[in-house]
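Remarks on the structure that follows.
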Amino acid sequence: MSQIHLFELSFAGLFFVLLILFALVIRKRPEKRLREIPAFAHLGRSVGLAVEAGKRLHIALGYGGVNDVQGASGLVGLTMLQRIARAASISDRPPIASSGEGTLGILSQDTLKSSYQAIRSENLYDPIYGQISGLTPFSYAAGTLPIIMDQQVSTTVLAGHFGSEVALITDANERVGSQTMAGSDNLEAQAVLYVSSQDPLIGEELYASGAYLNAGLMHQASVRTQDVMRWVVIAGILLGGLLKLIGVIE
Amino acid sequence: MAEIRCPMCSRLNPDELEICQFCQARLKPLIAKPNEPTPDWLNQTEDDENLDDSTGVNQPVAPDWLRSLRSREISHDDLSEDQSMGDPPDWLRAGVDAPDLLSAQRRESNDSDWLADFRSRQSDEEPTETEPVQQEIEEEKLAPLDVPDTTDAEIPDWLSNARFDNDTVNEPAVPELSQPDTDAEPEWLARLRSVHPTEGVGQVPEPSADKDEIPDWLKADGQNLGSAAVDQSFESAPEEEVPTWTSYFEKEGDSADLVTDLNELKSTEDELLIPEGDLPDWLKDGSHQPGPNAEPGEPEIRKDSEQLPDDSPPWYATAPGRPFKPTDQLSQWLRLEASGPDSSEPIPAEEIPDWLKADKEDLVTQSLTPKLEELSIESEPVSIDEGLSSSQFEKIPETQLTDAELHYDEDKADLDDDFALLEKKLFPDGELEQALVTTPEGDDLQAVDDPLWLVELRQKMGDSVEDQGLLKVSPFSEDIEHELPAEAMAGQAIPDWLIDVHAQEAIEHITGDSEPLEISQSFERDSENGLVQADLPTWLEAMRPVEAVAAAAADIMDEHDQSIEKAGPLVGLKGVLPAEPDVTLAHKPDSFGLKLQVSDMQRTRADMLQELVQNEALAKPLPRKPAISSQRILQVVIAVTLILAILSTLIIDTPIAKVPGFPIETGAVSELINNLSSSDRVLVALDFQPAFSGEMEAIGATVLDHLMLRGAQIAFISTNPSGPLQAERLVNIVNQRYDHSYAGEQITNLGYISGGRAGILAFASTPRQLAPLTFDSENNPWDSGSLRGVSKASDFALTMVITENADTARMWIEQFQPELESKPLIMVLSAQAAPIIRPYYAGSPQQVQGIVSGMSGAAAYENLLGRVGIARSQWGAFSLGVLAACILILLGGIINAFPIIGARMQKTNPGGDDQL
Amino acid sequence: MSITSMSMADLIGAGVAFILTLLILSYIIGDNPLFRVALHLFVGVASGLAVVIAFYNILWPQMIQPLLFGSEIERFYLLIPLVLSGLLLTKISPRLGGWGRLAVAFLVGVGAATAIGGAILGTLFPQALASINLFGDTRVGSGGTDILIQLAESAFIVFGTVTTLAYFQFGTRKINDQPAQHGAALQVTAWVGEVFIAITFGALFAGVYLATLSALVERLGFLVDFIFSLVIPG
Amino acid sequence: MSRLRTSLSVAIVISVGLIVLGGYFLDIPMLNTLQIVFLRWAALLGAVALIVGVFNLFNVHLRKINTGQKGSPYSLILLIALIATVLIVGFLGPTSFWSMWIFNYIHVPIESSLMAVLAVVMAFAGARLLGRRFNAFSIIFILTALFVLAGSISLSFVDFPVLAELRDWIDRVPTTAGARGILLGVALGTVATGFRLLMGADRPYGG
């Protein structure tokens with residue numbers, strides 16, 4: 001295999017090592033402040049208000065296949081689902097998760113189940129709260145509209161892989177007067193969400209949600225690792241550009 | 001079909017529904033499992049692994065939780081903060097857990113009685129719950145009152161109830177006084193209490209949503225049936241029934257309802273027989289050694305008291321001895337019932353158990369604890385009764401709990417036999433049913449001298465009510481109804497010390513050397529009487545007229561000395577029924593000066609709790625939205641303008657648009673296709689959603705037309721399930737529109753490969769395995785068809801990806817292009833994907849050799865081919881539509897921005913991020 | 001099927017499509033039962049198609065057929081996926097679902113690896129290299145522009161990429177009792193990065209809008225054509 | 001039992017993940033073969049998951065009907081449509097006339113009509129943006145969008161060649177820059193997520 005793959009391997013290795021190191025460091029010195037992202041601040045309040053107002057929280061996980069790169073954003077969505085399910089477990093209307101892909105639907109049910117088991121509230125779990133609303137992008141969006149319109153949803157969290165059809169979901173929220181917090185790995189979806197969502201999560205911000213929602217030590221660690229690797233990439237680009245400019249590398 | 005009223009919208013729903021069909025509110029109560037720990041978000045920073053260790057049962061409910069919600073200052077980790085504020089306000093949950101019940105309660109006369117809601121909820125809930133939950137509920141109710149040691153759950157819930165009762169004056173206090181009992185009471189009791197005369201039993205909600213037909217009390221597990229059902233029916237049942245029946249009498253002499261409830265009463269017999277396994281110890285003892293010889297039980301009692309938290313009040317420590325009594329007495333009472341009126345023989349030796357005498361120390365402590373305190377706080381003559389009754393009340397249930405907890409597992413083995421024995425003893429030949437339904441028997445009553453008021457009552461009710469038995473039970477109820485029983489008084493009069501008293505003090509009181517005079521006297525009196533005051537069964541206590549409480553303690557004692565019951569259930573007991581004069585003076589009890597000493601803080605907390613619970617119980621009207629908002633108008637205006645702009649050009653076909661320019665990357669595409677020969681095989685990855693067919697078919701059709709013009713062999717593949725159908729459709733469109741007749745071997749539809757990126761990677765390396773058959777699964781194109789000899793990606797002369805999705809395009813570039821070995825890859829893209837993919841064309845090494853994007857690209861390409869295809873025919877309408885959209889977005893933006901700019905102008909210092 | 005019935009079927013189909021299009025477009029005015037009908041019809045049809053196509057294209061040729069008619073090796077090869085599929089199918093029932101977890105775990109494992117591999121090999125390095133290559137790029141991207149201008153453009157692109165990347169920086173310097181924020185330099189960089197993000201999203205939004213508008217044009221075109229074909233037959 | 005399943009699941013995730021990951025980076029034939037095999041199995045399982053998904057969809061709406069919830073008539077329509085499609089397309093084959101009829105006259109029209117609705121919805125969203133978040137970035141966003149839109153049309157009466165060039169430049173330079181930055185960021189996040197899964201720190205599959 002070519003040498004460049006060794007570069008990539010070493011990049012992955014460095015990433016992994018840093019992840020472990022930061023996990024160990026954070027275990028010792030937990031506090032490390034994260035920049036404010038309004039969306040997460042609002043989410044905290046939305047959960048509380050939803051519980052108080054007897055409304056429902058809806059987490060849209062998109063339709064990214066789990067065995068794919070796009071699936072990563074859906075898996076981040078599952079982490080948010082887990083946190084929100086626990087946070088809103090005292091609500092009389094448990095959070096509902098909608099997904100547009102088979103595996104993601106199964107995972108959303110598993111996540112809800114384990115979340116409730118963790119707080120010994122298995123009786124809150126009902127498979128219907130982790131539902132698949134459609135199996136193609138648009139049928140997913142179409143199937144999600146009734147959830148938003150009929151289920152007294154006060155806040156919809158969109159975290160996963162979407163396309164431009166996500167505008168239908170945000171518009172439906174707009175119509176029923178519910179809040180939307182949204183992030184996606186897809187650029188077109190991000191562009192649409194930037195306009196149509198109250199609290200857009202831009203690009204990488206979605207992947208930091210675990211850390212912002214205190215989903216655990218590893219999430220904190222991975223955010224720090226991302227911060228470090230970010231500068232590694234930047235340095236790589238600048239250095240590589242310079243070397244390329246002066247013709248050191250072809 | 002019975003219906004459930006929704007707590008949120010108050011509309012009726014079929015009772016099998018879990019969620020209101022109108023407002024989607026949960027209809028059926030969610031019941032917390034025992035030992036529910038602090039929800040994870042209390043200690044959010046913990047890893048999930050640690051979650052199970054976190055037992056948050058003792059977390060006090062923190063009203064600040066709500067405050068934090070209301071306060072608008074949110075920090076970035078607000079979520080965790082909100083959550084870590086403390087336990088979920090379970091009482092809030094309680095409000096919604098049994099919504100239908102709440103609404104049922106609301107329909108009752110005492111709308112303002114939020115406590116009743118509480119009680120009925122509990123009594124419905126408890127049967128499916130076990131001790132810890134009771135404990136939890138105690139805490140839930142106590143926490144808002146900011147009781148110091150709530151977390152130790154050392155304050156029994158009857159106490160908190162008593163406190164609440166003080167706020168609700170006209171509340172018959174018996175139920176909350178027997179709160180510990182209701183904690184474990186079977187649901188039929190709860191129903192008796194909470195069911196509205198006009199409601200069917202069917203309306204009783206079923207806490208556990210999953211199990212359907214079986215009523216809750218049957219679903220209740222052994223623990224409940226063992227420790228709850230049995231104890232309840234023996235101890236608190238009579239006491240519980242009373243208020244319900246009286247309420248029936250006073251509301252309406254509706255015999256139908258009475259019969260209904262009687263049936264329920266009957267049904268409880270089964271319940272009483274059901275218990276398996278987890279019988280509280282005292283019952284086991286009872287079953288081993290009938291009645292009196294409770295000495296063996298004595299060590300048990302000690303053990304219990306040892307195992308209790310040190311700071312548990314003395315009565316708690318000494319309690320275990322108590323529960324035996326009522327059981328025993330009831331069984332005896334039943335026997336008396338069976339043996340008829342002339343069973344007025346002296347009580348058999350066993351009926352006055354030795355352990356009652358043996359228990360003196362306990363009794364001292366029982367009467368002592370309260371009394372000392374009363375002496376210290378308010379010296380009212382009633383204090384003894386308070387002490388006795390109040391102490392009496394929590395003993396029984398608490399002991400059951402403790403015992404059940406202690407002995408559930410270890411004794412499970414023997415319990416069945418024990419219980420079988422017990423059953424035999426307690427209800428020979430289903431006497432219980434008899435007893436319960438027609439208690440006491442008609443002729444029994446004849447035997448007992450009917451007091452005047454009883455005669456009156458019979459005249460009043462007798463004819464209207466069919467069921468004599470029930471009627472004949474009514475004397476008690478009548479009694480209770482008109483006069484708060486001693487317990488009620490005591491219960492209402494629970495002084496603060498019972499809440500604020502620190503356990504250590506209490507224990508000091510037990511072991512205290514110096515006993516005040518009154519106590520020793522009372523103890524002596526008790527011992528003289530032979531039957532200890534504190535040993536009166538609770539249901540018997542319930543029958544004591546209020547004057548007994550109202551009058552001075554000394555008088556009461558004298559009274560008791562006077563009368564010994566000759567017959568009936570009370571046979572042999574002294575002074576348990578008031579003399580007639582007392583009874584005939586029936587009137588509502590004056591509210592005595594036995595006031596609950598509530599601090600302002602406690603009062604405000606209690607008020608807040610009341611307000612919150614009431615709000616929770618109220619159906620929340622959905623915020624009324626204006627029929628049509630200005631934004632909706634804006635949306636409609638935008639829609640109409642857009643549609644008109646487009647239609648105008650479509651209908652009146654005016655050439656208002658010029659053919660767009662010709663981007664260099666589009667030229668590259670036509671160049672590459674021109675270089676193809678008829679034998680070349682082209683792989684077309686058709687990966688767009690049907691939604692984009694408007695745009696993608698316009699672009700794809702023209703490029704496909706070019707390919708067909710060159711006579712290339714085209715193979716379609718897709719990573720999108722509907723892709724293969726899209727391919728069929730597109731080929732048809734192109735064939736029809738441009739008069740091609742591409743079919744058979746010229747077109748191979750390889751169908752759909754799943755697995756996204758992985759699928760593409762696998763297809764790139766082993767296309768034959770990934771798509772072994774054609775889309776219709778009819779033949780294998782790789783051996784015989786147009787793809788003969790193709791075994792890898794680079795065997796295709798050209799690969800064209802038609803997609804609207806930049807990610808899909810990138811997947812093909814990243815996974816497939818490296819396998820092409822310098823064979824060209826061209827992209828036919830939607831306008832939305834072009835900006836992201838263009839760098840792959842512009843970049844070096846060039847990963848994409850040509851791009852046709854958007855309607856403009858399609859129109860330009862058609863123009864290049866000299867065709868008037870879909871793109872060019874729609875170009876005018878499209879252009880005008882875009883122009884209209886630009887204007888609308890601009891105007892709409894300005895309209896929406898003006899108010900804000902205005903506001904900014906007024907502000908002296910505009911705020912941070914929004915600052916321009 | 002005869003030609004006439006086909007054309008009739010197509011005519012009926014066009015009518016159905018016409019009505020359904022109107023029902024969906026009625027959502028612009030507001031949510032209504034007719035829109036809901038069309039919506040649910042669509043979800044049903046789309047899901048049905050997806051599952052049948054998945055069966056025809058994947059399960060049948062790659063699993064069932066080889067298992068039924070394939071060689072021993074093929075069957076052996078498919079043994080594990082068969083078991084995993086069985087486990088996954090248990091997820092249909094909440095009761096049996098427990099063991100389905102293993103199959104899901106397999107998918108997640110593959111997915112996690114694909115995510116890492118795909119992100120590093122597919123995005124991180126290609127994108128970084130594309131930025132690097134801007135400087136050594138001798139061929140002109142689009143339009144013949146002067147090399148200096150192109151260099152300036154390349155520098156600008158890299159600048160934009162770097163500032164955008166820096167915008168995402170999450171960790172902040174810990175300044176007691178002050179809202180979490182970056183240092184001054186990073187704040188400026190992040191601000192510039194956000195400007196690039198806004199421009200990017202603006203351009204992408206425009207692209208998406210063009211796509212949706214072409215859909216609207218196509219739909220309205222279809223409606224007009226259908227009406228015309230009814231009014232002016234042939 | 002549940003614990004066993006959990007630890008088994010984690011073991012599967014880690015082992016399978018490492019093998020596939022190794023296949024990406026290392027040039028070991030055995031590893032590469034295993035990677036391809038696992039990827040194919042994953043593709044098969046993806047299709048099975050699709051079927052599970054359809055059952056989930058079916059159950060959700062069946063339950064709606066059984067419990068007579070709000071919108072149950074629509075659920076009935078959905079179920080009928082689902083069953084009919086599965087039967088027709090399943091028995092006649094996906095390329096049969098009636099399968100294509102369903103696709104051409106029901107599926108595509110509805111979906112592209114939804115897309116058409118987006119044209120209105122997004123114009124509305126664009127118009128509202130400044131009302132919702134009035135800041136420098138929103139203004140930049142709107143201006144960019146307007147320039148690109150105006151630059152992608154050529155009307156006989158409104159023709160600004162400058163706009164076309166500006167649009168081309170915006171696409172080529174700042175958009176490329178921003179998109180790369182965002183993509184790199186997303187990739188970093190994806191890698192982190194992947195590693196968390198591989199380490200068993202995130203266990204969405206329960207446990």
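Most heavy-atom pairs under 4.5 Å with chain D, from the set C:G118, C:G15, C:P33: that is C:P33. For the set C:G111, C:G160, C:A113, C:G48, the count of heavy-atom pairs under 4.5 angstrom toward chain D peaks at C:A113. Counting heavy-atom pairs closer than 4.5 Å to chain C, the top-ranked of the candidates D:L197, D:V20, D:L184 is D:L184. The candidate from D:G17, D:S113, D:A47 with the greatest count of non-hydrogen atom pairs under 4.5 Å with chain C is D:S113. Between chain D and the residues C:Y209, C:F222, C:F18, C:F55, the largest count of heavy-atom pairs under 4.5 Å involves C:Y209. Contact count against chain D (heavy-atom pairs under 4.5 Å) is highest for C:L121 among C:L25, C:V16, C:L121. Contact count against chain D (heavy-atom pairs under 4.5 Å) is highest for C:V108 among C:L220, C:I19, C:L213, C:V108. Across C:I80, C:L204, C:V104, the residue that shares the most heavy-atom pairs under 4.5 angstrom with chain D is C:I80.
With a 4.5 Å cut-off on non-hydrogen atoms, D:V37 touches chain C through its backbone and its side chain both. Only the side chain of C:R219 comes within less than 4.5 Å of a heavy atom in chain D; its backbone stays farther off. For C:V217, no part lies near chain D; criterion is any non-hydrogen pair under 4.5 Å. Within the 4.5 angstrom heavy-atom criterion, only side-chain atoms of D:W101, from C-beta onward, approach chain C. Neither the backbone nor the side chain of D:R167 comes within contact range of chain C, judged by heavy atoms closer than 4.5 Å. Contact annotation for D:S152: only side-chain heavy atoms (C-beta onward) come within less than 4.5 Å of a heavy atom of chain C. C:T114 touches chain D through backbone and side chain together, each having a heavy atom under 4.5 Å away. Both the backbone and the side chain of C:I12 come within less than 4.5 Å of a heavy atom in chain D. Proximity to chain C (any heavy atom under 4.5 Å) is restricted, for D:I170, to the side chain, taken from C-beta onward. For D:A11, no part lies under 4.5 angstrom from a heavy atom of chain C. Proximity to chain C (any heavy atom under 4.5 Å) is shown, for D:F58, by neither the backbone nor the side chain. Proximity to chain D involves both the backbone and the side chain of C:L84, based on heavy atoms less than 4.5 angstrom apart. Of the atoms belonging to D:I182, heavy atoms from both backbone and side chain fall under 4.5 Å from chain C. Heavy-atom distances place no part of C:Y167 under 4.5 Å from chain D, backbone and side chain included. Interface residue D:V54: only side-chain heavy atoms are found under 4.5 Å from chain C. Both the backbone and the side chain of D:E111 come within contact range of chain C, each with at least one heavy atom under 4.5 Å from a heavy atom of that chain. Proximity to chain C (any heavy atom under 4.5 Å) is shown, for D:N56, by neither the backbone nor the side chain. Proximity to chain C (any heavy atom under 4.5 Å) is restricted, for D:N59, to the side chain, taken from C-beta onward. Proximity to chain C (any heavy atom under 4.5 Å) is shown, for D:Y74, by both the backbone and the side chain.
Relative ring orientation between D:F141 and C:F205 is described as tilted, the plane-to-plane angle lying within the 30° to 60° band. By the 30° and 60° cut-offs, the orientation of the rings of D:H61 relative to C:H40 is perpendicular. Between D:F103 and D:H107, the ring planes lie parallel to each other; the angle is under 30°, not in the 30° to 60° tilted range.
With D:Y205 as the aromatic partner, D:R203 does not meet the cation-pi criteria of under 6.0 angstrom to the ring centre and within 45 degrees of the ring axis.
When atom types are taken as modelled, the side chain of D:S138 and the backbone of D:L129 share no donor-acceptor pair closer than 3.5 angstrom.
Two rings, from C:W60 and C:Y56, have their centers 6.0 Å or more apart. Aromatic ring centres of D:F137 and C:W191 lie closer together than 6.0 Å.
With hydrogens and angles left out, the side-chain atoms of D:T6 and C:R101 include a donor and acceptor closer than 3.5 Å. Of the N and O atoms on the side chains of D:T190 and D:T193, not one donor lies less than 3.5 Å from an acceptor on the other residue.
Between C:L34 and C:L22, every side-chain heavy-atom pair lies at or beyond the 4.5 Å cut-off.
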